[in-house]
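Here the structure is a predicted model, which is why all the values come from computation and not from measurement.
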Amino acid sequence: MAFNKEQSLNEWVAMLDGLYGSSQNYAKTHYEIHSHLTEVCGIFAKHQFKRHDTQQAIDFLPKMFAWAVGLLKKINPAGANLEEIILRKFPGVCPYCASRPCECWRGEKPPLNAAEVLRLFKQNSPTIRRTVDDFQLLFRETYESSWNEKGDTDPITRVYIRLNEELAEVAEAVRFHHLYPENFENELADFFAWWFALVSCMTSSGEGRVLLASDVLWKAYPGTCTHCQMLPCYCRPGPVRELMSKPPPGQLHRFDALTNTLNQGAYLADIEEISKGGAAALPIACVRVDLDDFKSVNETYGHNAGDQALKHVASMLQRKLRERDRLYRVGGDEFAVLFFDYSGEEATGLMVRSIAALHATPVRWVDAKKQVFEFTVTVSVGVAETSSSENLNEAFELADTSASQSKKAGKARVTRSAQ
């Protein structure tokens, strides 16, 4: 199927699922996917309200949409009809006053008449156009007056607050989905309604016109993965990833023999190449990972157990990374990670989850006498972000300093550089 910018909302769902449904992006638990959704919503807020960088904030709008779609597909893989989910809640009119534009937003809402909403859905849904821009227009014509009401806060702030409230409601609905499955779709419809509102409140840089949802989404997801240029995305786990994780012919010198990660030589060569203008999608998140108390592992269980601990940490990290991310062993008990097109906040969230995974999954070691030992290893992590490939070495130095701060602060934690 050929995808295009003017496709229907459900075709956007199908395209994103086709791109990432089998990848590590969506092959997560519903709680992990909601965590990613929460993170990108928070990063939008940081750029929009703290840094006043609207263009950077806009770049996170499609990520909100994509992770919300991923959550829908995870919760309801067979019945992810997003058009119907939204229209059953918003059947072409306000579900409370049955008007378009809404006439009840200034006062107390009348009680919801579920039977009347269902009747309106059956009456109106066959004639409603289904592109993402049509859904955006539906919400603008219904609720735009309420978004733009004069008050103490600007429309973007008001709409974002409501979107964040719905994000919390979605979390509750995910938690109790096994008891009240209809609540999840209801709350997800509200979340998408506020997402369309947020897009509508933003303006194009330098043009002053309302953003179109299709432009926002197509820039980030133009029918193929923007990194490997494939549909489905081949930056993914499974047999392809397993094959690609092995050193290719002629590249053995770049790989660490123990952990099968890239080695220090590859780390130094890649930094030099990228710093001199090699291909790299910005921003870049640089991460340093140091094992905590590694010496005591060797002293307690022996050096072979220490080697097993290193392989365990490398394996756990590799499972969390995308195929295009690069994991290096840069010292005896030290690793570095290079994330392309990834913010410091996103990398911090991923490393927090990696620490939790290490805590929940002990190293299993069988010695020469067939005795089985299990022990937990922790890591101290530092994260830095750079928007210039020329500053890559400096960013890793900041990440290394931050990892040291994590150790001093109690270990088993992530510290993000403030610079």
Side-chain angles (χ1 to χ4, degrees), residues 13 16-17 19-46 60-80 82 85 160 162-192 194-195 233 235-238 241 285 287 312-313 315-323 325 337 339 342-362 376 378-379 381 383 412-414 416:
V13 173
L16 288 167
D17 186 55
L19 273 170
Y20 303 121
S22 58
S23 80
Q24 279 194 314
N25 282 11
Y26 285 177
K28 302 175 182 289
T29 69
H30 43 280
Y31 295 114
E32 286 181 305
I33 292 176
H34 188 272
S35 294
H36 280 287
L37 176 58
T38 302
E39 285 172 4
V40 295
C41 289
I43 297 168
F44 168 91
K46 182 199 74 172
F60 283 87
L61 289 172
K63 293 187 177 185
M64 294 183 199
F65 182 93
W67 281 116
V69 166
L71 187 60
L72 171 61
K73 292 295 293 186
K74 176 60 66 173
I75 296 290
N76 193 2
L82 184 55
I85 288 171
Y160 176 79
R162 290 302 307 272
L163 179 139
N164 224 34
E165 290 172 350
E166 289 304 330
L167 182 62
E169 295 293 336
V170 169
E172 282 295 296
V174 168
R175 182 182 176 190
F176 295 106
H177 178 259
H178 60 295
L179 296 175
Y180 312 105
E182 68 282 355
N183 281 5
F184 170 72
E185 294 187 351
N186 182 66
E187 299 301 344
L188 194 67
D190 285 337
F191 177 85
F192 275 105
W194 287 110
W195 181 86
C233 169
C235 306
R236 60 180 183 175
R241 182 190 180 104
V287 174
H312 177 77
V313 170
S315 176
M316 294 295 289
L317 290 174
Q318 198 71 64
R319 291 177 193 173
K320 295 291 184 182
L321 305 185
R322 305 164 299 177
E323 182 58 40
D325 302 327
V337 191
F339 293 96
Y342 219 49
S343 69
E345 289 95 337
E346 290 174 295
T348 298
L350 185 146
M351 296 313 300
V352 167
R353 291 190 293 276
S354 297
I355 288 175
L358 284 169
H359 181 76
T361 311
T376 300
T378 63
V379 294
V381 180
V383 177
R413 65 192 63 209
V414 182
R416 183 173 173 231

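- Annotation: side chain of Thr378 is not in contact with side chain of Leu358 (no heavy-atom distance under 4.5 Å).
- Residue Leu37 comes nearest to Ala68 through the heavy atom pair CD1-N, 4.1 Å, listed as atom of the first residue, atom of the second, then distance.
- Under a 3.5 Å cut-off, the side chain of Trp195 and the backbone N or O of Leu61 do form a donor-acceptor pair.
- Taking the six-membered ring where the residue is Trp, Phe184 and His177 present perpendicular rings, their angle passing 60° and hence far from 30°.
- Of all non-hydrogen atoms in Val13 and Ala80, the two that sit nearest each other are CG1-O, 4.2 Å.
- At a threshold of 4.5 Å between non-hydrogen side-chain atoms, the residues Cys41 and Phe60 do not count as touching.
- Counting only heavy atoms from C-beta outward, the side chains of Ile355 and Val381 approach each other to under 4.5 Å.
- For Glu32 (side chain) and Thr29 (main-chain N/O), a donor-acceptor pair under 3.5 Å exists by modelled atom type.
- Heavy-atom minimum distance, Pro362 versus His312: O-CE1, 3.7 Å.
- Closest approach of Gly70 to Ile33, counting heavy atoms only: O-CD1, 3.8 Å.
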Original post:
Under the side-chain contact (heavy atoms from CB on, under 4.5 Å) criterion, do Met351 and Leu317 qualify, and how do the steps go?
Top reply: CA-CA 8 Å; Met351 296 313 300; Leu317 290 174; 3.6 Å; yes
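- Taking Glu346 as the reference, Lys63 meet the salt bridge (charged side-chain N to carboxylate O under 4.0 Å, His left out) condition, with sequence neighbours excluded.
- Note that the CG atom of Leu188 and the CG atom of Asn76 stand 10.5 Å from one another [nearest 0.5 Å].
- In plain terms, the two heavy atoms of His30 and Leu71 that are nearest each other are O-CD1, 3.5 Å.
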Original post:
Going through the distances and angles, do His36 and Arg353 end up as a side-chain hydrogen bond (donor to acceptor under 3.5 Å, both in side chains)?
Top reply: CA-CA 11 Å; His36 280 287; Arg353 291 190 293 276; 3.1 Å; yes
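- With rounding to the nearest 0.5 angstrom, the CG atom of Asp190 is 4.0 Å from the CD atom of Glu166.
- A heavy-atom distance below 4.5 Å is found between the side chains of Phe339 and Leu350.
- Ala285 and Ser343 get closest at one heavy-atom pair: CB-O, 3.8 Å.
- From Leu163, atom CG reaches atom CE of Met64 across 6.0 Å, with rounding to the nearest 0.5 Å.
- The shortest side-chain heavy-atom distance between Asn183 and Phe176 does not fall under the 4.5 Å cut-off.
- Rounded to the nearest 0.5 Å, atoms OG1 (Thr348) and CZ (Arg416) are 5.5 Å apart.
- Note that the CG atom of Leu16 and the CG atom of Leu82 stand 10.5 Å from one another [nearest 0.5 Å].
- When side chains are defined from C-beta on, Phe192 counts as touching Phe65, because their heavy atoms get closer than 4.5 Å.
- Residues Glu345 and Glu39 fail the side-chain proximity criterion, which asks for heavy atoms closer than 4.5 Å.
- Leu72 is not listed as a side-chain neighbour of Trp67, based on a closest heavy-atom distance of 4.5 Å or more.
- A cation-pi geometry, defined here as NZ or CZ lying under 6.0 Å from the six-membered ring centre and within 45° of its normal, holds between Arg322 and Tyr342.
- Atom NZ of Lys320 sits about 13.5 Å away from atom CG of Asp325, to the nearest 0.5 Å.
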